[in-house]
Amino acid sequence: MLKTHQCGQLSLQNVGEEVSLAGWVNRRRDHGGLIFIDLRDRSGIVQVTVEPEGSASQEEGAHEIASQARNEYVLQVNGVVRERPEGFENPNLTTGAIEVIARHVEILNPAKTPPFYISNGADDVDEALRLKYRYLDLRRTRMVQNLTLRHNIVRFIREYLSNRDFLEIETPILLKSTPEGARDFVVPSRLHEHEFYALPQSPQQLKQLLMVAGIERYFQIARCFRDEDLRADRQPEFTQLDLEMSFVDAQDIRALIEEMLIKLTQLVSPKPIQQTPFPVLSYAEAMDKYGVDRPDLRFGLPLFTLSEVVANSEFGVFRNAVAGGGQVKGILYPQGASLARRDIDEMTDFVKRFGAKGLAWIGVTAGPDGEGNYGPDALRSQISKFLAQDEINGIVQASGAQAGDLILIVADSPAVTAQSLGNLRLEIARRADLIDTSQLAFCWVTDFPLLEYNDDLKRWQAVHHPFTSARAEDWASLESAPGDVLAKAYDVVLNGWEIGGGSIRIHNSELQDRLFAVLGLNHDEVQAQFGHLLEAFQYGAPPHGGIALGIDRMVALYAEATSIRDVIAFPKTAAGTDLMVNAPSPVTTEQLDELHIALKQAKKAAK
RNA sequence: GGAGGCGUGGUGUAGCGGUUAGCAUAUCGGCCUGUCAAGCCGAAGGUCGCGGGUUCAAAUCCCGUCGUCUCCGCCA
């Protein structure tokens, strides 16, 4: 070993010891006589002090070598740990009470000047540059911390589940394409002309087959692949804690995961959990109150329904929305009644992104008059003149608005209303700074619909996936009222991010056949896609269910990163490219020939 | 597939129709024994992403294009 200690671990305990350190020059302060070098390794930073040339503390030449060192040079330093003289401690450094007086300094490797700052904590470097030089970006303290946190989280999960009799089992990466769900990444087969593997979107079918195999308790830290467009919280390849159990019901899995998340949080986060046991909301409740199926419970601002109040209003926008099967719902902007018109216009544009045609607003500037009415003097609104007095009173009452508050209203289809107000709720919280970031707000969302109607395909589709079981009492209405059937499915949500979801599966091939029939899949299609699974279920499949947690998102939340890219060592850009290795890239004609592949004219080249 | 933001010395940015393209920091040289965002003096460093257009004149306005970020669609 070139080193006896890690830089960041030295303390007053080590005073007097002769140590060998090796690491990178974080910063150098050359006073001509004295030279200070902040030496950095993964553990942290320690100050190396090189005394003037000829000092008894050092070998000949050490000062000269130290004066040649530059940022990011790789150094080995031998010297004695010394308590810093009084008044020269650095409280900003964990090792700030001591310093290492250099006896011998050696440059193990010089370094080019890095293309961006590594040593200053600022996070303001162009991300494309960080990604191109990711190996330098990862030297930064923040990134080392994120990778360490990720390791600790995964290690805890492995231990927790192993202690509960789970087996970690690997499943294939080269697998089979299924047209359902996300777009697959496909891999051409050399040995089988014109045939392809697909990378798994998740190990879903394999973990169910492991249950048929009698494994009973399985987990895997699994890489998953989906060829869909990216977002800040979505990468084409991502990591899930994939888990499946036999002989359980939804509550068992939820209890297991909830305990794991609570213990994990205690281990890796200084923040308290807002509420335990985790609140449980039905999907219907979540949509009604928050407009999303992954509510951020760190703040209030519930949506309220005004459909009944304005169903017969003179105001056509409201009346027609209700008459057409839509909804009129609102949200409160606390102390927003005096917002500039420009702010309101910005929020109107904001909800239009989600399909809303407009945003009605009523500023409540004063309390009601003696008869309980909110008259013109108490309101600031572009629509109040179209509304009857009792409608206005009803709206204010339903909103719970106090003087000074602003009521914002959307009238549209239930889907558009929910989406626009659900997102507006987050926007208001950001604008008014209402998000309590000192807590972690977990919750469960349950009782999802089993099926949703796809207007484009004119058929029913599985909301979760086609192996999800309906609630026992709902099987009877599968064919008669598919849209009303609720699933034994559950999502776990943290601070408004869906961090996981799962379900109890169908283990009975008769019920599975009925579901496929409702999904409009004919026998041949089912056999081609899922035949192996259905056949397996005929050999004594245990009742089973599971869950998958998004590791990248979890780590990002604990790390307070805004993008999962910051907790992935080598992530891809929003266009799915890797800027460091330059992927994807063309392959040679020889490679294509072996794969029996001919390329069509590229779209770009055709122009 | 669509919408929007950004692109100026290595890095971060100012400039938004006429500037010698400014500042900070990094880099290089000199001085310096207690700094920790060290300091002081000096130097070097720019095809203003790329292409076209408008104009007497473009970093600046317009169009296209490339890269990147965010969002919508998409993500069982």
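From a predicted model like this one, the values you see are computed outputs, not experimental measurements.
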Roughly, in whole Å, what's the span from CG in D349(A) to P in C72(B)? 16 Å

What integer number of Å spans the C1' atoms of G10(B) and G2(B)? 36 Å

If C36(B) has a Watson-Crick or G-U wobble mate with both distances under 3.5 Å, name it; if not, just say none. none

Does atom OH (Y197(A)) have a neighbourhood of more than 12 heavy atoms from anything else shown, all under 6.0 Å? no

Where the side chain of D229(A) is concerned, which of C72(B), G1(B), C69(B) is the nearest nucleotide? G1(B)

Minimal non-hydrogen separation, M287(A) against K329(A), with atom names: O-NZ, 3.9 Å

With a 4.0 Å cut-off on heavy atoms, is S202(A) in touch with a base, just the backbone sugar-phosphate, or nothing at all? base

Return yes if some donor-acceptor pair links the side-chain N/O of S413(A) with the main-chain N/O of V416(A) below 3.5 Å, else return no. yes

CA sep, side-chain torsions, deciding dist, call: R27(A), D38(A), salt bridge (Lys or Arg N to Asp or Glu O under 4.0 Å): CA-CA 5 Å; R27(A) 231 186 229 116; D38(A) 290 339; 5.2 Å; no

Salt-bridge present (R514(A), E479(A); N to O < 4.0 Å): yes

Specify the separation, in whole Å, of atom CG of N454(A) and atom C1' of C75(B). 14 Å

More than 12 heavy atoms of other residues, nucleotides or ligands under 6.0 Å from NE2 of H104(A): is that the case? yes

Assess whether a salt bridge exists between R431(A) and D343(A), defined as any Lys/Arg side-chain N lying under 4.0 Å from an Asp/Glu carboxylate O. yes

When both distances are under 3.5 Å in a Watson-Crick or G-U wobble arrangement, the nucleotide paired with U70(B) is A3(B)

Please evaluate the base of G4(B) for a donor-acceptor partner in the side chain of R353(A) within a cut-off of under 3.5 Å? no

When the C1' atoms of U8(B) and A21(B) are considered, how many whole Å apart are they? 8 Å

Classify the nucleic acid contact of R234(A) as base, sugar-phosphate or nothing, counting any heavy atom under 4.0 Å across all strands shown. base

Classify the nucleic acid contact of Q201(A) as base, sugar-phosphate or nothing, counting any heavy atom under 4.0 Å across all strands shown. nothing

Provide the distance between the two P atoms, one in U25(B) and one in U65(B), to the nearest whole Å. 41 Å

Identify the nucleotide, in any strand shown, that forms a Watson-Crick or G-U wobble pair with C56(B), with both distances under 3.5 Å; if there is none, say none. G18(B)

According to the Watson-Crick and G-U wobble definitions, with both distances under 3.5 Å, which nucleotide is paired to G64(B)? C50(B)

Paired with A43(B): which nucleotide, if any, by Watson-Crick or G-U wobble criteria at under 3.5 Å for both distances? U27(B)

Nearest-nucleotide check on RNA chain B, R231(A) vs Q461(A); residue mapping nearer the 5' end is R231(A)

Using a 6.0 Å cut-off, check whether atom CZ of R42(A) has over 12 heavy atoms from anything other than its own residue. no

Once base and sugar-phosphate atoms are separated, protein heavy atoms under 4.0 Å mark nucleotides 29-46 of chain B, 5' to 3', with B, S and - as S--BBBBBSB--------

Less than 6.0 Å separating the ring centroids of H31(A) and F36(A)? yes

In whole Å, measure the gap between the P atoms of C75(B) and G5(B) for me. 28 Å

With RNA chain B as reference, determine whether S563(A) or L230(A) sits nearer its 5' end, using the nearest nucleotide of each. S563(A)

Could you check whether F467(A) and F530(A) have their ring centres less than 6.0 Å apart? yes

Span that lies between the P atom of G64(B) and that of C74(B), in whole angstrom: 27 Å

Distance check, C1' atoms only: C56(B) and U47(B), in whole angstrom units. 24 Å

In this structure, how many angstroms lie between the C1' atom of C75(B) and the CG atom of D552(A), rounded? 15 Å

Within the 4.0 Å heavy-atom criterion, would you say T468(A) contacts the bases, only the backbone, or no part of the nucleic acid? nothing

Using whole Å, what does the distance between atom C1' of nucleotide G1(B) and atom CD of E228(A) come to? 12 Å

In whole Å, what is the span from the NZ atom of K572(A) to the C1' atom of G67(B)? 18 Å

Heavy atoms only, 4.0 Å cut-off, all strands: where does L579(A) land among base, sugar-phosphate and nothing? sugar-phosphate

Could you check which of C71(B), C74(B), C69(B) has an atom nearest any side-chain atom of T573(A)? C69(B)

What integer number of Å spans the P atoms of G30(B) and A37(B)? 25 Å

Under a 3.5 Å cutoff, is there a donor and acceptor pairing between the side chains of Q512(A) and H507(A)? no

I need the CD-P distance between E72(A) and A26(B), as an integer number of Å. 14 Å

Between P of G73(B) and CZ of R183(A), the distance in whole Å: 15 Å

U11(B) to G49(B) separation - P atoms, rounded to the nearest Å: 13 Å

Readout for nucleotides 6-13 of chain B: B = base within 4.0 Å of protein heavy atom, S = sugar-phosphate only, - = neither; 5' to 3' it is ----BBS-

R103(A) CZ: over 12 foreign heavy atoms closer than 6.0 Å: yes

Distance, rounded to the nearest Å, where Q419(A) contributes CD and C72(B) contributes C1': 8 Å

